[in-house]
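Position 1 is the first residue of the sequence; numbering continues from there.
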Amino acid sequence: MLSKDLCCCYYLLLIAAPIAWYFLSGWLQKYPYRTPISWWVFAAAFSGALIITLLTVVFKGIKAALMNPVKSLRSSKQ
């Protein structure tokens, strides 16, 4: 499950980073005082998204591991 989520994040990075760079550079060209878009901005955004993904998967996994299967089966019959 974790590898599937990580692959999804990597694919989304490959799709979103060039699109974001294109629109951001076009938007910044309108201003007289510009700053260049560095690669670390995209790396920081990807790292933040990856941390959120990992935390979500880990907490969902811990919750599923600690759940009592008997209680889950009883509630599904009703």
ask   = Rounded to the nearest 0.5 Å, how far apart are OG of S47 and CD1 of I52?
value = 11.0 Å
Give the table of side-chain donor-acceptor pairs shorter than 3.5 Å for residues 32-42, with sequence neighbours excluded, one pair per line with atom names and distance.
{"unit_1": "R34", "atom_1": "NH1", "unit_2": "Q29", "atom_2": "O", "d": "3.4"}
{"unit_1": "R34", "atom_1": "NH1", "unit_2": "Y31", "atom_2": "O", "d": "2.8"}
{"unit_1": "S38", "atom_1": "OG", "unit_2": "W40", "atom_2": "NE1", "d": "3.3"}

Between side-chain atoms of residues 11-27 and protein atoms elsewhere (two or more places apart, or another chain), which donor-acceptor pairs fall under 3.5 Å?
{"unit_1": "S25", "atom_1": "OG", "unit_2": "W21", "atom_2": "O", "d": "3.0"}
{"unit_1": "S25", "atom_1": "OG", "unit_2": "Y22", "atom_2": "O", "d": "3.0"}

task = Apply side-chain contact (heavy atoms from CB on, under 4.5 Å) to I51 and list each qualifying residue two or more places apart in sequence or on a separate chain.
result = L55
